[in-house]
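Proteins get letters first, then strands, A, B, ... in listed order; numbering begins at 1 in each. Predicted model only: the values in this text are computed from it and were never measured.
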Protein chains: 2
Amino acid sequence: MTEQTPRWLSEEQTQAWIALASMMVWLPSALDDQLERDAGMTYVEYTVLSWLSMQPGRTSRMSDVASLANVSASHLTRIAIRLESRGWLTRRPDPNDGRATLATLTEAGWEKVVQTAPGHVEEVQQLVFDGLSAAQVRQLRVIGETVAKAARPGLCLPSPGPTD
Amino acid sequence: MTEQTPRWLSEEQTQAWIALASMMVWLPSALDDQLERDAGMTYVEYTVLSWLSMQPGRTSRMSDVASLANVSASHLTRIAIRLESRGWLTRRPDPNDGRATLATLTEAGWEKVVQTAPGHVEEVQQLVFDGLSAAQVRQLRVIGETVAKAARPGLCLPSPGPTD
DNA sequence: GGCAGTTGGTTGATGTGTCAACTAAACTGG
DNA sequence: CCAGTTTAGTTGACACATCAACCAACTGCC
């Protein structure tokens, strides 16, 4: 708690951190811009639609979507209201669990995803993969998985001894 | 414009993209949480203070800060108002250019950065570097720089021929 | 010098995200 | 079967971000 001189970053780490931070600032922003320009929606909205488009019945519980997209329940409610008002999504109570709400992609929502995905993927290709070798793609996958796992809350690495 | 079947992602690319997207969702969110908990500020606010702390005279033009942090001028104005109201920052017109505004870290702002940085760096260590080998740190740097450069608007890769 | 255009920054209106309080349905233990 | 608790989602109040309109200072040019 009162550590005064923690592990500072090495020169290599500093460079890597600057590069990573820079990527995390500019890449989402660029993808947001592309989606806003070409499809009139934000990255989070696209994530929701895209996820639903890959689910059986194009349907998923709100809470599942929320944890996938890392947004709070209330945030997802607002997003769903917007998507619903544009006719891309419908909501109805889950017949198997009256508490839950099922979100389903409409036909228009499906078509929107189908129209939007190619341009989005092309943007990812240009911004991410065009500059990387096959080896770097493999490296990126491993590094990304490692960091994502560490940063995901509630998924602490298995540590020896009791956690309580 | 009418490409109907663009370059789709290979299996390797898809895995890498999922990992990268996952990292870009969870890492900023985790860093935001840590700063909110330990220092009562957001990541953007910390970025601004941290940048100023490294500038000569702990001073920088608003427009320079804005482009560094990838926020709009108006957004930065609101951020600066908040930081000013907490006594961490002052603003005054640039004597050399009456249009510009210089933002300067106050002594309290400097101390806030000094107090906050160690915990933030420790969080970066734990979330990013503890899981990576030295080789992966080097790989991350190269990959991050490449992608960041590609995603940064207005910095198109040098292409042959006139751009105008 | 003076007017047109540009640049740097602020502000008002509006849209979006967040937090806490709330409702309703489903478990849980007597 | 009925309180007490947990879970899923919504809503109101508020904080924050965004967009367009704006103002002031500089720049270029005749």
Exercise for review: Measure the spacing between OG1 of A:Thr59 and CG of A:Leu52 and express it to the nearest 0.5 Å.
Suggested key: 7.5 Å
Donor-acceptor under 3.5 Å ([X] side chain, [Y] main chain):
{"X": "A:Thr77", "Y": "A:Ala73", "value": "yes"}
{"X": "B:Asp32", "Y": "B:Tyr43", "value": "yes"}
{"X": "A:Ser22", "Y": "A:Ala19", "value": "no"}
{"X": "A:Glu84", "Y": "A:Arg91", "value": "yes"}
{"X": "A:Gln125", "Y": "B:Trp8", "value": "yes"}

Once you round it to whole Å, what is the distance between [atom2] of [N] and [atom1] of [X]?
{"X": "A:Glu36", "N": "C:dG15", "atom1": "CD", "atom2": "P", "answer": "14 Å"}
{"X": "A:Asp32", "N": "C:dT16", "atom1": "CG", "atom2": "P", "answer": "12 Å"}
{"X": "B:Met41", "N": "D:dC16", "atom1": "CE", "atom2": "P", "answer": "14 Å"}
{"X": "B:Leu83", "N": "D:dC16", "atom1": "CG", "atom2": "P", "answer": "11 Å"}
{"X": "B:Glu45", "N": "D:dA17", "atom1": "CD", "atom2": "P", "answer": "7 Å"}
{"X": "B:Ile81", "N": "D:dA17", "atom1": "CD1", "atom2": "C1'", "answer": "13 Å"}
{"X": "B:Tyr43", "N": "D:dC16", "atom1": "OH", "atom2": "P", "answer": "19 Å"}

Practice item. Take A:Glu45 and A:Arg86 through the salt bridge (charged side-chain N to carboxylate O under 4.0 Å, His left out) test and state the conclusion after the steps. Key: CA-CA 12 Å; A:Glu45 289 168 347; A:Arg86 290 181 229 177; 3.1 Å; yes
Check your understanding: Taking it one step at a time, do A:Asp38 and A:Glu123 satisfy side-chain contact (heavy atoms from CB on, under 4.5 Å)?
Key -> CA-CA 11 Å; A:Asp38 299 349; A:Glu123 185 80 358; over 6 Å; no
**Study point:** Pairs satisfying salt bridge (Lys or Arg N to Asp or Glu O under 4.0 Å), at least one member in residues 124-146 of chain A, at least two apart
**Key:**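 Found A:Asp130-B:Arg7, A:Arg141-A:Glu145.
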Review point. Near DNA chain C, which residues from residues 61-76 of chain B have a heavy atom under 4.0 Å away?
Key: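 When residues 61-76 of chain B is checked for heavy atoms under 4.0 Å from DNA chain C, the hits, listed by number, are B:Arg61, B:Met62, B:Ser63, B:Ala73, B:Ser74.
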Exercise for review: Decide yes or no, distance alone: a donor-acceptor N/O pair under 3.5 angstrom between the base of D:dT18 and the side-chain of B:Arg78.
Suggested key: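 Yes, the side chain and the base share a sub-3.5 Å donor-acceptor pair.
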Review point. Is there a residue in residues 85-103 of chain B whose heavy atoms reach under 4.0 Å of DNA chain D, and which residues are they?
Key: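 Heavy-atom contacts with DNA chain D come from B:Asp97, B:Gly98, B:Arg99.
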